[in-house]
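Accompanying notes for the structure given below.
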Number of protein chains: 2
Amino acid sequence: MKPYTCGLDAAADVIGGKWKPRILWALSHGPRRFGELRKEVSGVTEKMLIQQLRELESRRIVHREVYRQVPPKVEYSLTPLGETLNVALAPLDLWGAEHMEELESSRC
Amino acid sequence: MKPYTCGLDAAADVIGGKWKPRILWALSHGPRRFGELRKEVSGVTEKMLIQQLRELESRRIVHREVYRQVPPKVEYSLTPLGETLNVALAPLDLWGAEHMEELESSRC
DNA sequence: ACAAGTACCGACTAAATAGTCAGGTACTCA
DNA sequence: TGAGTACCTGACTATTTAGTCGGTACTTGT
């Protein structure tokens with residue numbers, strides 16, 4: 001595997017994937033249970049949600065906390081590294097929001 | 001096609017794709033000819049480079065200027081919108097650079 | 001005449017990513 | 001006993017994205 005050629009390259013690798021930006025956005029508002037994420041990230045399937053969460057977990061962006069209860073409860077939250085990532089993503093989120101209409105119109 | 005759910009979602013759609021971050025990074029240093037980009041974005045094939053450039057062009061992120069000469073010369077540069085995007089990407093680039101080692105190690 | 005340089009196009013194939021669906025655990029409540 | 005909840009897993013398929021490779025047009029240099 002080739003080394004990253006720039007910071008942007010590295011960052012893109014971490015947030016790449018169809019659902020990660022939206023998962024990160026949801027988690028930026030606080031910890032979320034699996035079921036909550038499934039609702040907030042509308043359209044995602046359970047399988048994809050798990051897959052992307054596992055990837056973010058292995059990158060140490062999100063933390064997974066299992067509560068031993070019945071029915072089970074698993075809570076996902078941003079790690080300190082995840083928090084710094086979200087800070088770095090904030091301007092991009094703002095940019096997207098500011099140019100939303102323009103971007104919607106040039107989509108297809 | 002569903003509307004974007006947040007700014008991050010919209011932005012990710014624009015910079016999504018294996019090569020766009022690196023193309024944007026190269027163009028952030030000034031206008032580039034097609035052949036120059038091919039060298040700077042090492043590993044990219046001509047087909048992919050064109051494809052991604054066309055997409056960025058249709059999103060009004062990059063501008064394509066054809067010089068009527070022989071041999072042909074085509075220069076790509078960031079539009080004003082592209083410049084604002086790159087400003088928004090700067091913190092992400094920095095984040096990636098700062099955590100490069102950590103990210104490299106958790107890659108596979 | 002013909003190779004070389006520059007910027008492409010398009011058919012085909014391969015790899016990566018995402019979606020569907022059936023199932024599984026491990027308890028609680030009626 | 002059977003239904004319900006929450007959180008998954010894995011096999012299989014579909015879709016999306018990327019890569020290979022051959023070809024084009026035009027003109028300069030040999």
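The chains referred to below are lettered A, B, ... by the order of the sequence lines, with proteins before strands, and numbering in each begins at 1.
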D:dC7 phosphate, OP1 or OP2: any side-chain N/O from A:Arg33 under 4.0 angstrom?
yes
Just distance, no hydrogens or angles: give the donor-acceptor pairs under 3.5 Å from side chains in residues 78-86 of chain A, sequence neighbours left out.
residue, atom, partner, partner atom, Å
A:Thr79, OG1, A:Arg60, O, 2.7
A:Thr79, OG1, A:Ile61, O, 3.1
A:Thr79, OG1, A:Leu81, N, 3.4
A:Thr79, OG1, A:Gly82, N, 3.0
A:Thr84, OG1, A:Leu81, O, 2.6
A:Thr84, OG1, B:Trp95, NE1, 2.9
A:Asn86, ND2, A:Leu24, O, 3.3

Run the side-chain donor-acceptor check on residues 43-50 of chain B: report pairs under 3.5 Å with partners two or more places apart or on a different chain.
residue, atom, partner, partner atom, Å
B:Thr45, OG1, B:Met48, N, 3.3
B:Glu46, OE2, B:Arg38, NH1, 2.5

Please identify the 5'-most and 3'-most nucleotides of DNA chain C with any atom under 4.0 angstrom from a heavy atom of chain A.
C:dA18 to C:dT28
Can you see whether A:Tyr4 has B:Arg107 sitting over its ring - NZ or CZ less than 6.0 Å from the centre and within 45° of the normal?
yes
Under-4.0 Å salt bridge between B:Lys20 and B:Glu55:
yes
Can a donor-acceptor pair be found between the side chains of B:Glu101 and B:His99 at a distance below 3.5 Å?
no
Hey, could you give me each pair passing ring pair (Phe, Tyr, Trp, His ring centres under 6.0 Å) that has a residue in residues 8-62 of chain B? Not counting sequence neighbours.
B:Trp25-B:His29
Return the minimal non-hydrogen interatomic distance between B:Ser106 and A:Ser58, and the atom names on each side.
CB-O, 3.5 Å
Donor-acceptor pairs under 3.5 angstrom involving side-chain atoms of residues 69-76 of chain B: please list them, not counting sequence neighbours.
residue, atom, partner, partner atom, Å
B:Glu75, OE1, B:Tyr67, OH, 3.3
B:Tyr76, OH, B:Arg64, NE, 3.2

Measure from OH on A:Tyr67 to P on D:dC7 and round the result to the nearest Å.
12 Å
Counting primed atoms plus P, OP1 and OP2 as sugar-phosphate and everything else as base, spell out the protein contacts along nucleotides 8-30 of chain D at 4.0 Å heavy-atom distance: B, S or - for each nucleotide, 5' to 3'.
BB-B------BBB------S---
